[in-house]
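Accompanying notes for the structure given below.
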Amino acid sequence: MDLHQVVKSKLCLGCGICTASGEGIEMGFSKKHGMNIPQLDSHKTYPLGDNLCPAIGYDIVHEGIELYGSEGSYSMELGNILSSYAAYAINSDVIKGASSGGVMSQLLLFVLEKGIADKVACTKFIYTENGPRTNTILTSKLSDILDCQGSKYCPVDISSFLVDLREFNGKVAFIGTPCQVAGLRKLQKVVPELKEKVVLTIANFCGGFKSYKSIQKLSKRHGVRFDQIEYLRFRGGGQPGSLLVYDSFGKRYEAPYPNYTGYTGYSKILRCHLCVDATGELADIACGDAWIDRYIEHKKQWSIVVGRSKFAREVIEQMCKERVIYCEALDQSEIIKSQWTNIKSKKIRQAARFALYEKLGYEIPKFDGGYSKYVTSMLFELRVFCSHKFKELLEELGLYKTLRIILKKRY
Ligand SMILES: Cc1cc2nc3c(=O)[nH]c(=O)nc-3n(C[C@H](O)[C@H](O)[C@H](O)COP(=O)(O)OP(=O)(O)OC[C@H]3O[C@@H](n4cnc5c(N)ncnc54)[C@H](O)[C@@H]3O)c2cc1C
């Protein structure tokens with residue numbers, strides 16, 4: 001598969017890694033895709049861009065072993081792990097804007113303070129006349145790191161960050177989705193000095209994201225002018241928190257997470273349905289929500305944190321020792337249980353989904369494993385597929401809201 005096929009078959013993640021190929025690729029917003037995609041010349045080929053693209057797939061097992069295999073233990077569900085914890089940041093300013101325990105942001109602050117990294121990469125919303133978009137910045141400022149907090153359940157184009165990274169002469173810590181980290185790993189293979197430069201990678205656990213069409217639809221439906229949005233968050237305001245969006249006219253919409261994910265007929269983007277990376281297997285550290293009763297019921301907001309290398313373990317343990325985060329050891333079996341819906345979808349049901357989608361004529365990303373090869377029920381996957389397509393069709397026809405009204409459900 002090449003970049004042309006990735007875009008044509010709607011497998012593009014919109015991450016912008018391909019722009020680092022030096023082949024003149026630029027990203028541009030596509031209304032059809034509802035996100036930034038590479039603007040390709042149909043007469044040209046992009047062999048280096050093809051090589052960098054994580055949407056095409058990656059050697060999740062082999063690369064994981066190469067990076068961390070000698071240090072931790074491997075499981076299909078979680079990848080290579082050396083240490084695992086439930087944790088939260090002690091600093092109340094960090095907790096205020098966090099999606100869960102604020103550990104991801106606290107990690108950035110810690111590596112800056114200790115001189116482990118000179119700058120860190122994180123992602124914030126910017127508000128344009130075309131609606132909210134993301135911007136991944138290279139910074140060493142506390143205010144930027146706090147400004148970037150919160151999960152962005154939407155496509156994130158990191159192409160401008162990749163330019164900053166190339167031009168910056170110093171050590172960098174990077175936060176991103178599992179696929180962004182996988183793309184960065186591909187880039188490190190092509191540009192070996194990036195191995196030294198990017199000293200720490202941190203990924204979120206990932207159940208996927210939707211295109212901008214979903215947030216645009218929700219805004220419109222609730223009278224919030226998309227082109228006048230002044231503030232958007234997908235998570236925040238406690239745990240599990242809420243979506244909050246408002247425009248410059250004072251129109252405001254708030255809905256609880258994760259319920260609002262069903263309030264439009266739009267599903268996750270195609271490539272997220274065809275992903276086998278639930279926990280950022282190629283990142284040194286990965287963080288997720290602690291969907292475990294004793295942490296959900298606790299008065300603090302907790303995260304799950306896994307360290308895949310000795311260095312990652314040292315960083316996390318030092319943070320605990322210095323009381324910037326509070327940590328408890330967490331067994332891998334509990335992590336798997338807490339992430340089971342996502343793990344089941346990406347690791348257990350994926351072979352059946354791949355087989356079905358292939359039969360339906362879809363391009364399939366290539367992984368060297370990392371999911372069970374046992375084909376569960378293709379009929380079940382077909383039912384799920386039809387349900388997604390039906391909801392999407394209703395949404396496109398403007399009938400999804402009506403259906404939910406009839407069913408007495410929120411929209
Ligand atoms: C698309 C997506 C899907 C997720 N799916 C799951 C899931 O299935 N299960 C689960 O347990 N957890 C999932 N998470 C992780 C969860 O939402 C929290 O990010 C995690 O619990 C860590 O929260 P925190 O309070 O430590 O981070 P915060 O202090 O809120 O910091 C989050 C950091 O991540 C960066 N960031 C957020 N979104 C993106 C993005 N899309 N691309 C690049 N950087 C980003 C922010 O800029 C910030 O630096 C997902 C996150 C995302 C972005």
Side-chain angles (χ1 to χ4, degrees), residues 13-17 35 78 85-89 91 93-109 111 120-126 133-139 142 144-158 161 173-181 183-184 201-211 232-241 243 257-258 261 268-269 271-272 275 277-280 283 285-292 295-296 300-306 316 319 325 335-346:
L13 290 153
C15 66
I17 302 270
M35 62 183 188
L78 302 174
Y85 317 83
Y88 60 81
N91 184 336
D93 288 335
V94 174
I95 286 293
K96 218 184 288 165
S99 281
S100 58
V103 179
M104 292 184 98
S105 302
Q106 192 62 66
L107 270 159
L108 297 185
L109 294 170
V111 295
V120 297
C122 55
T123 297
K124 63 179 175 180
F125 281 119
I126 48 170
R133 298 285 184 263
T134 62
N135 188 19
T136 302
I137 54 170
L138 202 48
T139 186
L142 167 74
D144 281 337
I145 292 168
L146 296 182
D147 204 23
C148 283
Q149 280 195 281
S151 302
K152 314 294 182 294
Y153 297 128
C154 60
V156 169
D157 168 4
I158 65 167
F161 155 72
F174 174 79
I175 287 192
T177 56
C179 47
Q180 288 167 17
V181 173
L184 199 57
T201 51
I202 305 160
N204 51 265
F205 290 3
C206 198
F209 54 83
K210 299 184 182 193
S211 80
L232 167 64
R233 71 162 198 233
F234 283 101
R235 288 279 293 276
Q239 203 177 26
L243 168 117
Y257 176 83
T261 56
K268 291 183 287 195
I269 66 166
R271 178 58 176 75
C272 292
C275 173
D277 197 345
T279 61
I285 296 177
C287 299
D289 299 324
W291 299 119
I292 297 169
Y295 296 120
I296 294 169
K300 298 283 185 191
Q301 298 178 200
W302 291 77
S303 292
I304 292 174
V305 186
V306 303
I316 301 165
M319 287 171 76
I325 57 172
I335 301 179
I336 294 172
K337 209 168 143 203
S338 93
Q339 300 291 322
W340 184 243
T341 310
N342 196 29
I343 287 172
K344 191 173 167 199
S345 175
K346 289 195 170 190

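Both counts, for ligands and for their atoms, begin at 1 and track the order of listing.
- S100 and Q301 are not linked by any side-chain donor-acceptor pair at a separation below 3.5 angstrom, with hydrogens and angles left out of the test.
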Please report the C-alpha distance between Y153 and Y257 in whole Å, then the side-chain angles of each, then the deciding distance to 0.1 Å, and finally whether the ring-ring contact (aromatic ring centres under 6.0 Å, His included) criterion is met. CA-CA 11 Å; Y153 297 128; Y257 176 83; 5.4 Å; yes

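- Annotation: cation-pi pair K152/F125 present, NZ/CZ under 6.0 Å from the ring centroid and within 45° of its normal.
- For K300, the NZ atom sits in a loose shell: 12 or fewer heavy atoms of surrounding residues, nucleotides or ligands are nearer than 6.0 Å.
- Between the side chains of T123 and T134, no donor N or O sits under 3.5 Å from an acceptor N or O.
- With ring centers used as reference points, F174 lies under 6.0 Å from F161.
- For a heavy-atom separation below 4.0 Å, the residues in contact with ligand 1 are A98, S99, S100, G101, G102, V103, M104, S105, C122, T123, C148, Q149, G150, S151, K152, Y153, V156, I175, G176, T177, Q180, N204, F205, C206, G207, G208, R235, G288, D289, W291, S303, Q339, N342.
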